[in-house]
2 protein chains.
Amino acid sequence: MSSTFAALADPTRRAILARLALGETSVTEIAAPFEMSMPAISRHLKVLEKAGLISRGREAQWRPCKLKAEPLKQASDWLEEYRNFWEQSFDRLDEYLKTLQKKEKRDAGKNGSGRKKR
Amino acid sequence: MSSTFAALADPTRRAILARLALGETSVTEIAAPFEMSMPAISRHLKVLEKAGLISRGREAQWRPCKLKAEPLKQASDWLEEYRNFWEQSFDRLDEYLKTLQKKEKRDAGKNGSGRKKR
DNA sequence: TGGTTATTTAACTTAGTTGTTAAATAATAT
DNA sequence: ATATTATTTAACAACTAAGTTAAATAACCA
């Protein structure tokens, strides 16, 4: 999980994944859109491979890379556990905004003395 | 997006988020389960805050931290674009397993010439 | 005021990441 | 064999990250 998120934390690597979603391809072709040396790309690919996000074949002198989406699924599942939370947040925002509107109508000027402790 | 994934790449920080999903709480309480100095935790919280994953209030000498799930939603949305991809993978696996079963039924006796490589 | 509790900042160490260029390896083509 | 094309490894520099201890802030308590 850590290595998956770490791999996704780099925009170059996310772009590589996006490219690979269109289909398997060679390192040179992957590298083309980037202003970056070949070895740099090669190492990004190594990071992706270690995270299990790609696999590499051998076809003559090319090493085609292929997207492996399983770790993405795991990451997605992890995030999914927080779904209620972000949906709730919007609900709360709604609620809060309503409260605020009521207050503004009611007492347009008094400021807070109420203390709270958790 | 990068800072969100980077923040999630650390297991301590993921654990902190899990704790905060149960409710807002103080730094000391967040730190309790970890064998780690206070400043270390404090800096993890700073990382989470910079990524927009938590917000911090002030209540007497405590600084309660609160989960902010919006960046998680964004991350989830990003991953969602690959859903077809990982579902496809399972389809392919299914297919492959079926093919395999057929083969096994068909030629359940020719042994010793098949080579496999890991 | 001074003391206590909660939290952050500073200074430092160690380790890992990201990029570079130059050289090495791998397979094909002549 | 040798040259060519594709890709990786080595060696290095600059930067960032994660932890430590000790000291600084901040707000309360007496």
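Both backbone and side-chain heavy atoms feed into the values below; hydrogens, waters and symmetry mates do not.
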*Rounded to the nearest angstrom, tell me the gap between atom CH2 in Trp62(A) and atom C1' in dA26(C).*
12 Å

*Rounded distance (Å) that lies between atom C1' of dT8(C) and atom CG of Leu48(B)*: 16 Å

_Reported NZ-to-CD1 distance for the pair Lys68(A) and Ile54(A), which is rounded to 0.5 angstrom_ = 11.0 Å

_Leu72(A) side chain reached by Phe85(B) side chain, heavy atoms, under 4.5 Å_ = no

*Atom CD1 of Ile41(B) to atom P of dA6(C): distance rounded to whole Å?*
15 Å

*Is there a residue in residues 4-25 of chain A whose heavy atoms reach under 4.0 Å of DNA chain D, and which residues are they?*
none

*Side chain of Met38(A) only, please: which of dT8(D), dG19(D), dT21(C) is the nearest?*
dT8(D)

_Residue Val47(B), side-chain heavy atoms: nucleotide from dT21(C), dT20(D), dA18(D) that is nearest_ = dA18(D)

*State plainly whether the residues Arg83(A) and Glu80(A) are in salt-bridge range, i.e. N to O under 4.0 Å.*
yes

*Output yes when at least one side-chain N/O atom of His44(B) is less than 4.0 Å from OP1 or OP2 of dA17(D), else no.*
no

*Given atom CD of Glu35(A) and atom P of dT21(C), what is their separation to the nearest angstrom?*
13 Å

_Spacing of Gln61(A) atom CD relative to dT4(D) atom P, expressed in whole Å_ = 14 Å

*Output every pair passing salt bridge (Lys or Arg N to Asp or Glu O under 4.0 Å) with a member in residues 46-56 of chain B, not counting sequence neighbours, ordered by first then second residue.*
Glu49(B)-Arg56(B)

_Side chains of Val47(A) and Asp10(A), heavy atoms from C-beta outward: is any pair under 4.5 Å?_
no

*Return no unless some side-chain N or O of Ser37(A) is found under 4.0 Å from OP1 or OP2 of dG19(C).*
no

_Flag, side chain of Ser2(A) to backbone of Ala9(B), donor-acceptor distance under 3.5 Å_ = yes

*Contact under 4.0 Å: Lys46(A) side-chain N or O vs dT9(D) OP1/OP2*: yes

*Measure the distance from CG on Leu45(A) to P on dT9(D) and round it to the nearest whole Å.*
11 Å

Listing, residues 16-23 of chain A side-chain donor-acceptor contacts under 3.5 Å, not counting sequence neighbours, or none:
residue	atom	partner	partner atom	Å
Arg19(A)	NH1	Gly23(A)	O	3.3
Arg19(A)	NH2	Glu29(A)	OE2	2.9

*Which comes earlier along DNA chain C counting from the 5' end, the contact point of Ala40(A) or that of Arg58(A), where each point is its nearest nucleotide?*
Ala40(A)

*Could you please name the option among dT21(D), dA26(D), dT20(C) that lies closest to any side-chain atom of Pro39(B)?*
dT21(D)

*Out of dT20(D), dT7(D), dC28(D), which nucleotide sits closest to the side chain of Arg43(B)?*
dT20(D)

*Establish, with yes or no, whether the OP1 or OP2 oxygen of dT8(C) is under 4.0 angstrom from a side-chain nitrogen or oxygen of Arg56(B).*
yes

*Rounded to the nearest 0.5 Å, what's the gap from OG on Ser55(A) to CG on Leu48(A)? Could you check?*
11.5 Å

*dA6(D) phosphate, OP1 or OP2: any side-chain N/O from Thr28(A) under 4.0 angstrom?*
no

*Nearest-Å distance, CE (Met36(B)) to P (dT21(D))?*
12 Å

*Nearest-Å distance, CZ (Arg63(A)) to C1' (dA26(C))?*
6 Å

